[in-house]
Number of protein chains: 2
Amino acid sequence: MKNRLKVLRAERDWSQQDLADRLGVSRQSVNAIETGKYDPSLPLAFTIAETFAMPIEEIFERG
Amino acid sequence: MKNRLKVLRAERDWSQQDLADRLGVSRQSVNAIETGKYDPSLPLAFTIAETFAMPIEEIFERG
DNA sequence: GCCCAATGTCAAGCAACATTTACATAATGA
DNA sequence: TCATTATGTAAATGTTGCTTGACATTGGGC
């Protein structure tokens, strides 16, 4: 799964810590997801989508 | 996470085994997801969405 | 009554997700 | 220079997703 988290964060000028706080997860989890070390759970993917106000499919894609 | 798998299966007259075969997972996994025992991984959620040709958000919802 | 497909459930095990703690690096600014 | 912030990474640990194999129940058709 590839994702656009880094760009979406940059557009809002959020640090990984800022996003982690909004998502209720650790900074390391945000970093790991962003750098492709693993995929978020489905509930976390929903929270991410809500946070950026866009569909999951516009943030993540198979790759 | 609640989901509409049972209804979507019924609309297509697929058994849990049929769906499992299409998704490439075990029947028990389909059953567990359908009965809410656990959530699918994000990649599996994508495969499910592709299989039913609709967005993830139209199949799963927070509950 | 019997058989069979479908479903639900359990247990044990492995792989993946997510956590905390910690350390290293680069960039910024006082 | 020194302190701070942001990011990347690692190890150890706990939780969750998915597996196989097995067993019980239900409903329909013969």
Side-chain angles (χ1 to χ4, degrees):
Chain A
M1 298 260 98
K2 293 183 177 179
N3 68 75
R4 304 205 307 127
L5 286 188
K6 192 165 189 171
V7 172
L8 295 172
R9 262 198 317 109
E11 288 174 354
R12 290 160 182 76
D13 196 28
W14 292 349
S15 68
Q16 290 182 346
Q17 183 67 65
D18 290 334
L19 178 55
D21 291 342
R22 289 171 185 269
L23 298 177
V25 300
S26 68
R27 177 183 69 82
Q28 285 82 350
S29 288
V30 168
N31 183 71
I33 292 166
E34 201 167 298
T35 57
K37 295 182 74 174
Y38 54 72
D39 300 317
S41 66
L42 185 57
L44 182 52
F46 265 78
T47 303
I48 292 170
E50 287 169 7
T51 298
F52 290 115
M54 55 180 64
I56 291 176
E57 284 89 347
E58 285 187 23
I59 302 177
F60 297 91
E61 67 172 334
R62 222 185 283 279
Chain B
M1 299 263 96
K2 292 182 177 178
N3 67 76
R4 305 204 309 125
L5 287 186
K6 193 166 189 170
V7 172
L8 294 173
R9 265 199 314 111
E11 288 174 354
R12 290 160 181 76
D13 196 28
W14 292 348
S15 68
Q16 292 181 344
Q17 184 67 63
D18 290 334
L19 178 55
D21 291 343
R22 289 170 184 269
L23 298 176
V25 299
S26 68
R27 178 184 69 81
Q28 286 85 344
S29 288
V30 169
N31 183 72
I33 292 166
E34 201 168 297
T35 58
K37 295 182 75 174
Y38 56 71
D39 302 315
S41 66
L42 186 57
L44 181 52
F46 265 78
T47 303
I48 292 170
E50 288 168 8
T51 298
F52 290 114
M54 54 179 66
I56 291 176
E57 283 89 347
E58 284 186 24
I59 302 176
F60 298 91
E61 66 174 334
R62 226 187 279 281

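Order of the sequence lines sets the chain letters (A, B, ...), proteins ahead of strands, with each chain counted from 1.
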- Item | Whole-Å distance separating the CG atom of Leu19(A) from the P atom of dT7(D) | 10 Å

- Message: Quick check against the 3.5 Å criterion: does Asp39(A) have a side-chain atom that pairs as donor or acceptor with the backbone of Ile33(A)?
- Response: no

- Asn31(A) has an atom CG; how far is it from atom P of dC23(C), in whole Å? 18 Å

- If a protein heavy atom is under 4.0 Å from the base, mark B; if only from the sugar-phosphate, S; if neither, -; do that for nucleotides 13-30 of chain D going 5' to 3'. ----SBBBBB--------

- When the distance from NZ of Lys6(B) to P of dA6(C) is rounded to whole Å, what number comes out? 14 Å

- Query: Can you check whether Gln28(B)'s main-chain N or O pairs, donor with acceptor, with Gln16(B)'s side chain at less than 3.5 Å?
  - Reply: no

- Once you round it to whole Å, what is the distance between P of dT5(D) and CD of Gln17(A)? 11 Å

- Do side-chain atoms of Thr35(A) reach the backbone of Asn31(A) as a donor and acceptor pair under 3.5 angstrom? yes

- Qualifying ring pair (Phe, Tyr, Trp, His ring centres under 6.0 Å) pairs with a residue from residues 3-62 of chain A, counting only residues at least two apart or across chains: Trp14(A)-Phe52(A)

- Query: Any sub-3.5 Å donor-acceptor pair from Glu57(A)'s side-chain atoms to Ile56(B)'s backbone N or O?
  - Reply: yes

- dA16(C) C1' sits how many Å from Met1(A) CE, rounded? 14 Å

- Message: Determine whether a donor-acceptor pair (N or O, by modelled atom type, separation under 3.5 Å) exists between the side chain of Arg4(A) and the backbone of Glu58(A).
- Response: yes

